Each structure stands twice: as C-alpha cells, then as structure tokens.
Amino acid sequence: MTREDYERRMTRAGHAAADAGLAGVIVTPGPDLAWLCGYEQTTGERLTALVIAPGARPRMLVPALERGDIERAPGAGAVDLTGWTDGADPYAAMAELLAGDGRYGISDSAWAMHVLGFQRTLPGTSYAALTEALPMLRAVKDAHEVERLAAAGAAADAVYEEILKVPFSGRREREVAADLDRLLREHGHSQVDFTIVGSGPNGANPHHEAGDRVIEEGDMVVLDFGGLKDGYGSDTSRTVHVGEPTPEERKVHDIVREAQQAAFEAVRPGVACQEIDRVARKVINSAGYGEYFIHRTGHGIGVTTHEPPYMVEGEHLPLVPGMCFSIEPGIYLPGRFGVRIEDIVTCTETGGRRLNNTAHGMGIVS
Ligand code: ZN
Ligand code: ZN
Ligand code: ZN
C-alpha cells in the first residue's frame, strides 16, 4: 500500500460523504484510521482525529507527542497535521479543522467522551455512525483487498488441515485452542482474534471460547478460529467429531451443511444481506431445527474480523461485488452439542466465491 493508495481511499471517502449529504467524515484511531491512512495505533484518551471534508485536503488533529509516529504512517504525506499539546483544549482545536456546522460521519468506535466534546464545542454539528452513514465505504473491497482476504483464508484453511491431525481425545479444549493459535501464527497471522474449541455440550454455546473440559471419544467439537494476516482477517468454522458420529449427529451436521451451501448459492449482486440469512434459516427451519439456530448468518470482514454489513433479518443493504462476509449457520442443542460451518465469501459479478475451501464434510479426529 503506497501513499497514493491511501490518498485514493481518502478521496473516495470525501466523495461518499458529499453524496450522502455530510459535511465530512471524522475518523478516530482504530480500523477506519488504519484503512484510510495506514496509521495503526491503539486508542487513547488524547484526541487524534482525521477530518475528511468533500473537496478539501484531509486534515488531522494529533497529540504533539504522537506527531512523529503519525508522520511515519504511509498515508500521512497526503494529510495536513495540526498538533495540540497537553493542557490545551483539543475540542477548540478540532473546531478549526471542521468545515463548519452540519452533519458528520464519525468512526463507530470513537470514544463517547470525544463526541460529547465536539457537541459541547460545536453545538451546530451533529453526528452519525460511519457504518450507518457510509455503509459501503469499507464494506466494498477492491481487488487487492479481496486477495489479501483470500490469502488469510488460505492460511486458515491450512491450519484446519493440520488441526485434524492433532490428538483431541483426552486433551483439554484449551490445549487444542493453543494448537490453533500456534498454527495461525505459523501460517502468517500477526494477530489471533479467537480460537473457539467447543466440545460436546460446550459446542451448544456459540460464544464458548475454550475451557478446561477434557475432550472425549464421541464428542462433536466446534472449531472457529481467525485473526489478521497482513492486515486482513480470517474467520472459519468447521465441526469435527472424535471417532464415529451417531446418525443424529450426522443428520444435524448435514442440515447445517445444506444451509451453508444454499446461502452461498444465493450470493449475487443486488441480493439484500437479509436474503442470505433467510435462505440459510429456511433450510434449518424446514428440517425442524429453527429454534436452535440462535444467531445471524454472517458478518462482514476486512481489516477487522467482524464488521458490517451483517447477514441478518432487517439488513436491506444490497450485495455489491467486492463485499466480503461470512456465511456461518449453526444448530445448537442445549446440553448436547453444536454444529457450525463457516466460510468467508466474496460477492463477484457472477455470484459467490469462497475464500475458505476446506471440505465441508464432518472431519473425524482421534
Ligand atoms: Zn458423538
Ligand atoms: Zn467464526
Ligand atoms: Zn464469523
């Protein structure tokens, strides 16, 4: 990513803001700032804010002590920096950078303390969450981004192939989770966001991470893992079984697999996000397990592992070529077991393309 790449993104953000009738976009540290100008820093109480107004050169308010770090960011050369020093009022300084009164899109993760500061200092301004105001800005990936996501997906796939070979029976969930963590890093991930190992009844809790339960022969085990590789996310789930599954375990797994496939086949430009959820849900409902599919079907992915748009009832946003998101239906039988199958998929002109390509059949582990 060069300075020009970041400059193009900032220009695009300015045009999108103008089209949406916004006075501009305010971006605070987090994934938006990393995406727009390559500046990755952990958020802090000192105000850092990039302001992109239509037709104007981007400007950034920066704490004086962080100025050197920001100047080294690849996109910083395309931004005019204004420093502020401890003891000064950053909100008064911010007022100088804004185009004036009006409505601004602001990073979803901006601290409430800062937004309240803007409102106090600039009572003529109002604010909208960036993903609501400009839902397509980060959601639609360019070809370069799709290939980064595909590379992260391929790395996660290699991890899955290797985890099938490690022993499950007799080991604790957290030991298998540690294997997943190590393998993700071996396959180029710089950050591991989650390594879910939900064995037996723990698999029925979609939020179960990994605990001290000892995995036994006969367990279904939900594996869901991902993180960031070269700045882009991976996220895949497969459900494996220790030894031979029962006919019921096979049946439930087959239903989830069919739901995942049907939702994948529904992907094409113009289809609303909620339709992807509906298609997956219809398969599970028809099989009689509707009450056990207790979460949305998917989420966007990009420079973070979970982001809008969501594949959920009520999300009318149409799929656009370049959008990348998960399709991850599941069935969770309380106290017994769970099944989830998840691939990252990108929408192309002609339909869906999977960025995870390991077999959907139930993996048998020992
Ligand atoms: Zn079993
Ligand atoms: Zn996942
Ligand atoms: Zn996911």
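Note that the structure is a prediction, hence the values are computed from the model and not measured. We count ligands from 1, going down the list as the structure has it; atoms in each ligand are counted the same way.
- Within H241, the N, O or S atom lying nearest to the Zn ion (ligand 1) carries the name NE2.
- Ring-centre distance between H360 and F264: not below the 6.0 Å cut-off.
- No donor-acceptor pair closer than 3.5 Å links the side chain of D69 to the backbone N or O of E66.
- P201 approaches R213 most closely through the heavy-atom pair CD-NH2, 3.8 Å.
- The Zn ion (ligand 1) does not have G243 among its coordinating residues (no N/O/S atom, backbone or side chain, under 2.8 Å).
- Counting only protein N, O or S atoms closer than 2.8 Å to the Zn ion (ligand 3) gives 4.
- Partners of K251 under the side chain to side chain contact (heavy atoms under 4.5 Å, CB included) rule, at least two apart in sequence or in another chain, are I255, Y289.
- Considering every non-hydrogen atom in both G352 and V345, the closest pair reads CA-CG1, 4.1 Å.
- The O atom of G218 and the OE2 atom of E249 meet at the Zn ion (ligand 1) at an angle of about 120°, given to 10°.
- Between the side chain of H189 and the backbone N or O of L184, at least one donor-acceptor pair lies under 3.5 Å.
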Checklist entry - Does the pair V283 and F293 meet the rule for a side chain to side chain contact (heavy atoms under 4.5 Å, CB included), with working shown? => result CA-CA 11 Å; V283 172; F293 179 14; over 6 Å; no

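- Using a cutoff of 4.0 Å between basic side-chain nitrogens and carboxylate oxygens, D343 and R238 are scored as salt-bridged.
- With a cut-off of 2.8 Å, the Zn ion (ligand 1) has no N, O or S atom of D219 in range.
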